[in-house]
Number of protein chains: 2
Amino acid sequence: MLRLSKKADYALMAMKHLAEKGGASSTSAREIAEQYDIPIELMAKVLQRLVRAGLLVSTQGTRGGYMLSRASEAISLAAVIEAIDGPFTVTACSTEKHDCEQYGKCSIRFPLWRIRERIAAALGTVTIAEMAAEQVAVAAPVAHAAVVRR
Amino acid sequence: MLRLSKKADYALMAMKHLAEKGGASSTSAREIAEQYDIPIELMAKVLQRLVRAGLLVSTQGTRGGYMLSRASEAISLAAVIEAIDGPFTVTACSTEKHDCEQYGKCSIRFPLWRIRERIAAALGTVTIAEMAAEQVAVAAPVAHAAVVRR
DNA sequence: CTATATCCGACCGTGATTGTCCGAGTTTAT
DNA sequence: ATAAACTCGGACAATCACGGTCGGATATAG
């Protein structure tokens with residue numbers, strides 16, 4: 001539960017890949033797909049959505065491909081995930097849309113909206129650039145906490 | 001995306017309800033179900049899982065029902081959600097299980113595990129008691145942030 | 001002009017999620 | 001003792017989102 005979709009995974013991998021290459025050279029969908037064993041056609045679909053969301057720019061034709069539209073420091077994980085899966089809502093009823101059977105009776109909206117904000121903040125602060133840099137910091141002391149349990 | 005299941009919603013509603021009643025009186029599944037327009041049988045099933053997870057205790061027979069097993073201050077949202085949906089993993093590959101096709105090639109594990117910890121922390125700190133108390137604090141200044149967009 | 005690339009929409013199979021049904025065991029009240 | 005009200009547990013059907021596939025249109029390089 002609370003797992004993000006595979007498309008979102010693929011999107012993050014692609015973004016990180018493009019961030020590492022950087023520069024002005026565009027990368028084809030095939031190249032990325034092959035590198036991570038992702039179905040080409042699906043990878044393309046994901047990339048297209050990222051273009052539509054304004055996170056990537058694409059050039060058509062031979063030697064075409066995809067490039068980051070802006071610096072990787074200016075792209076948050078939240079932006080990528082929302083581009084693929086749509087705005088993430090913890091509850092069926094969001095702040096604006098309340099298409100839920102028991103909206104009237106429901107008593108847990110407000111507490112849940114609060115924790116939604118916290119999750120949004122967690123995803124909104126981390127950038128693609130940080131994610132790309134992390135590779136080196138694999139052995140970083142993360143303090144696994146005791147939250148895991150089971 | 002990242003939405004929690006309806007069963008988890010129902011579980012939280014029930015827990016909050018029981019927390020508000022408090023005391024030593026047990027409440028039947030029917031009573032809770034009717035109050036929030038939840039299918040009785042489904043509500044019962046959810047409550048059973050909460051019993052098995054040790055969050056509730058049940059008494060059988062006429063006048064039977066469910067009660068919190070411990071103080072509502074000692075029950076986190078994370079405990080309830082995990083009891084219903086199982087341990088939440090943001091990625092397909094968790095710390096222990098890595099049953100993912102592209103585990104070797106994957107480059108985004110560690111960054112995502114980090115944010116998983118943050119989400120776990122957010123859910124682990126909030127208790128049922130706080131959620132029940134929140135009702136009063138509806139108009140609290142939550143600072144909606146600009147994360148919503150779209 | 002031809003080959004190669006992105007682009008875009010439509011389509012389908014599968015698995016998880018939701019919800020329903022039924023039977024069995026238990027306790028209380030009449 | 002009998003009936004009623006409740007918990008327990010599994011099995012089952014319907015729905016739906018998700019992952020993945022296919023075909024065609026379009027644009028670019030050589």
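We name chains A, B, ... by the order of the sequence lines, and we start the count at 1 in each one.
The phosphate of D:dC18 (OP1 or OP2) has no side-chain N or O of A:Tyr10 nearer than 4.0 angstrom.
Cluster note: B:Ile40 groups with no other residue, as no ILVMFWY side-chain heavy atom lies under 4.5 Å from it.
With a 6.0 Å radius and a threshold of 12 heavy atoms from other residues, nucleotides or ligands, A:Arg70 has its CZ atom above the threshold. For CZ of A:Arg30, the number of neighbouring non-hydrogen atoms (other residues, nucleotides, ligands) closer than 6.0 Å is 12 at most.
For B:Lys6, the salt bridge (charged side-chain N to carboxylate O under 4.0 Å, His left out) partners at least two apart in sequence or on another chain are A:Glu101. By the side-chain contact (heavy atoms from CB on, under 4.5 Å) test, B:Ala44 is found to be paired with B:Ala29, B:Gln48, residues two or more places apart in sequence or in another chain being considered. With sequence neighbours excluded, the residues that form a salt bridge (charged side-chain N to carboxylate O under 4.0 Å, His left out) with A:Glu31 are A:Lys21.
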For B:Thr125 and B:Leu77, what are the C-alpha separation, side-chain angles and deciding distance, and is it a side-chain contact (heavy atoms from CB on, under 4.5 Å)?
-> CA-CA 8 Å; B:Thr125 35; B:Leu77 296 198; over 6 Å; no
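Here the P atom of nucleotide D:dG19 and the CG atom of A:Asp37 are 17 Å apart, to the nearest Å. When the C1' atom of C:dT6 is taken as reference, atom CE of A:Met67 falls 15 Å away, rounded to whole Å. Per the geometry, CD belonging to A:Gln48 stands 14 Å off C1' belonging to D:dG20, to the nearest Å. Between the NZ atom of B:Lys6 and the P atom of D:dA17 there is a distance of 11 Å, rounded to whole Å.
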Check nucleotides 27-30 of chain C for protein N or O atoms closer than 3.5 Å to its own N or O atoms and list the pairs.
{"unit_1": "C:dT27", "atom_1": "O2", "unit_2": "B:Thr62", "atom_2": "N", "d": "3.2"}
{"unit_1": "C:dT27", "atom_1": "O2", "unit_2": "B:Thr62", "atom_2": "OG1", "d": "3.2"}
{"unit_1": "C:dA29", "atom_1": "OP1", "unit_2": "B:Arg63", "atom_2": "NH1", "d": "2.7"}

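A salt bridge links A:Lys16 with A:Glu20: at least one charged nitrogen is closer than 4.0 Å to a carboxylate oxygen.
Contacts of residues 38-45 of chain B with DNA chain C (heavy atom under 4.0 Å): B:Pro39, B:Glu41, B:Leu42, B:Lys45.
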